[in-house]
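In what follows, a single structure is set out as structure tokens and then discussed.
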There are 2 protein chains.
Amino acid sequence: MTKPTIKDIAAQSGVSIATVSRVLANKSGSYSEKTAAKILKIAKELGYRKNSAAVDLVKKGADVIALIINATPTNFSTQIIDGIQQRASELGQGVIILYAGNRDHALQHQAIITALGRSVSGILLAAIEPDEEDLTLLKESQIPFCFVSLYLGTAAILAVSSDNRDLAYQATQYLIDQGHTRIGLVGIDEYHTGSQRRIGYQEAMTANHLAPATVLPGDYSYEAGVRLLQAVKDQGLTAVLAASDMVAAGILTAAQQHKIRVPADLSIMSIDGTIICQITTPALTSVTQDFYQIGRQSVNKVMGQPALDFVPVKIVERASVVPPAD
Amino acid sequence: MTKPTIKDIAAQSGVSIATVSRVLANKSGSYSEKTAAKILKIAKELGYRKNSAAVDLVKKGADVIALIINATPTNFSTQIIDGIQQRASELGQGVIILYAGNRDHALQHQAIITALGRSVSGILLAAIEPDEEDLTLLKESQIPFCFVSLYLGTAAILAVSSDNRDLAYQATQYLIDQGHTRIGLVGIDEYHTGSQRRIGYQEAMTANHLAPATVLPGDYSYEAGVRLLQAVKDQGLTAVLAASDMVAAGILTAAQQHKIRVPADLSIMSIDGTIICQITTPALTSVTQDFYQIGRQSVNKVMGQPALDFVPVKIVERASVVPPAD
DNA sequence: ATAGACATTGTAAACGTTTACGCAAAGTGA
DNA sequence: TCACTTTGCGTAAACGTTTACAATGTCTAT
């Protein structure tokens, strides 16, 4: 009782495999209703299922978008995935997700290789910082790829993200408008996203004649937030812009352990705006990214449709930012 | 400049495609070092990459495990994925993740079809409640499948999870040991996992001669927790066992809005033990599941290796449970 | 020198589809 | 009636690998 093929269906229904294939592929207009009905019936009886490998082989490529994603300490991924999946299915594309571990280089590379080997119709890289090798691999592959939630700083490489410079500028300006002057940027990485945010932060500070106080690098994780609180305290900051909701949460709980009151003694503004912001006490004021939209736009882009480069952010006020005490 | 195949390599190196294939597949002992070196060099120069479709076709199946996962409101997924990925790669299997949306039936079904069409070597279903149709589809497919973090109540179907009955029993007993008598179970679903937990809860209550007070069904989400607080209050409970960290977080923030002090007025014990438990104030005491291990064991199981059915849980005390006030 | 074992390679079939091409039958317009 | 188009279907090639089998050459032990 082996897996049935179109050959079996052909045999049982007394037609050629070509006809079976045409019916099964819905090439309407090239078969009669009668044979179609017969074939479909037999196919169902046999429990027939198309062999995608065979289809991909002859069609030279799968109608599938590969999404490579790493285990970011932060958890915006489901919204991105939702957006991608939705838009992809509107365009008749499936989605397979390849997991690149936790900034694990080998896994990341492996995932790219896998995607290329499957001749997918597009590759999406979410929150992935590529190295040179990955990049040339992708470029030479002839298959379109697009970075998601990461902007490499050049229009030559497809990408959809928030405008990190602007995002940080807005957030910093918001803090300044509240009356803060000793503001730090905490938990950013040292790569593209981080440096773009750093620039926005610095621009906002100098535009308001404030000395850019402190940038404390990290890796967007909860633990980074916890660890960096000491430095925040030492610098005598009255407000911080946290690189992610997780960093914000880390700073918050660490602050509470140090008897630093939030927001009375320290205001925290978070970047991302996931549900984490509602869970903490106090709830975190954030500059919220539209991850769902980022997802959608990225499949547009990788499929050659018109798409946004930057998806707007918005500030949502919750309870973790107030004017400084002094 | 089309994508190079073994044929191109064969032509350039003056050997047959069979030899190229053998070298590229590392069939050691069936080729000489010299030709291997030559072939590998040319392959690299050409930027050759195997066509997985062709390989899968002739090999009748891919060395890949498909993981079907839904967008659970709770976020234990990355740990499960980590475990799966790790163990899979130890066994020489790749992993592709198929996203089943948010308990979206059509998508769920679609994902199963896709996995079957790709003749993967195993299918893992994480936190998926199957319907009859899905189940027969899987059973008839001849390819092994295993539920992850969900036990269907019969040994006939492969599954790896925590022992939900025992988990709920332990948690309830813990609350009782703290002196609570008016204990509710909040946010569970009405399917397998939920009813197993309900049983454990009830057993613990009756074993301690307490009337099972209240079971408030939900969907494991933050919103469910928020919504159900009113009922918790109305029932005059002094402690709740929340179906997930997200539910617990929802109950907590809603309680704070109602000026109910946690844990002084209401103790909250959470099921899952993800990082969410550390983020809230107070931190959530939880019965913590070992999701990483669940992931690992599930690939063992689906690959026919010896594996645990139930992965032990442990109670970790944080700050959200204290003895009742009165 | 001879037989057998072994190492290395080539030939060709197979995997399950899609699709260009061709052909017969049926329909259409004059 | 004829010429032509359309409809429905079959034949066979193609996609890029793997692998059974056969062929060749080399080595070893007699």
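Residue numbers begin at 1 in each chain, while the letters A, B, ... track the order of the sequences.
Spacing between atom NZ of A:Lys27 and atom P of D:dT7 amounts to 17 Å, rounded to whole angstrom units. Separating the CZ atom of B:Arg22 from the P atom of D:dT19 is a distance of 10 Å, rounded to the nearest angstrom.
When the C1' atoms of four end pairs are superposed on the next four at each end of the helix from C:dA1-D:dT30 to C:dA30-D:dT1, using five pairs per end, the two resulting axes differ in direction by 30°, to 10°.
B:Glu132 and B:Lys139 are not joined by a salt bridge, as no carboxylate oxygen comes within less than 4.0 angstrom of a charged side-chain nitrogen. Salt-bridge formation is detected for the pair A:Glu90/A:Arg296: a Lys NZ or Arg NE/NH1/NH2 atom is positioned less than 4.0 Å from an Asp or Glu carboxylate oxygen. The pair A:Arg118-B:Asp56 meets the salt-bridge criterion, since a charged nitrogen lies less than 4.0 angstrom from a carboxylate oxygen.
Of all heavy-atom pairs spanning B:Ile42 and B:Ser13, the tightest one is CD1-CB, 3.5 Å.
Among the heavy atoms of the strands lying under 4.0 Å from A:Ser32 are primed sugar atoms or P, OP1, OP2 only; no base atom is included. Here A:Thr5 lies in heavy-atom contact (under 4.0 Å) with sugar-phosphate atoms only. As judged by a 4.0 angstrom heavy-atom cut-off over every strand, B:Leu24 is placed among residues making no nucleic acid contact. Nucleic acid contact for B:Gly117: none, since no nucleic acid atom lies under 4.0 Å from a heavy atom of the residue. Within 4.0 Å of A:Lys50, counting heavy atoms only, lie sugar-phosphate atoms of the nucleic acid but no base atom.
B:Asn300 and B:Gln305 form no side-chain donor-acceptor contact under 3.5 Å, judged by distance and modelled atom types alone. Side-chain N/O atoms of B:Asp309 and B:Tyr151 include no donor and acceptor closer than 3.5 Å. A donor-acceptor pair shorter than 3.5 Å cannot be found between the side chains of B:Ser162 and B:Asn164.
Contact between the side-chain N/O atoms of A:Thr35 and the OP1/OP2 oxygens of D:dC9 is found at a separation under 4.0 Å.
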Please lay out, stage by stage, how A:Leu125 and A:Leu138 fare under the test side chain to side chain contact (heavy atoms under 4.5 Å, CB included).
CA-CA 11 Å; A:Leu125 301 107; A:Leu138 287 166; 4.1 Å; yes

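The residue among B:Thr19 and B:Leu57 whose nearest nucleotide of DNA chain C is located toward the 5' end is B:Thr19. When each of B:Val58 and B:Ala36 is assigned the nucleotide of DNA chain C with its nearest heavy atom, B:Ala36 is the one assigned upstream, toward the 5' end. Between B:Ile6 and A:Val20, the residue anchored closer to the 5' end of DNA chain D is A:Val20, taking for each the nucleotide with the nearest heavy atom.
No option in A:Ile9, A:Ile39, A:Ile6 other than A:Ile39 meets the side-chain contact (heavy atoms from CB on, under 4.5 Å) test with A:Val23.
Where DNA chain C meets chain A (any atom under 4.0 Å from a heavy atom), the bounding nucleotides read 5' to 3' are C:dG16 to C:dA20.
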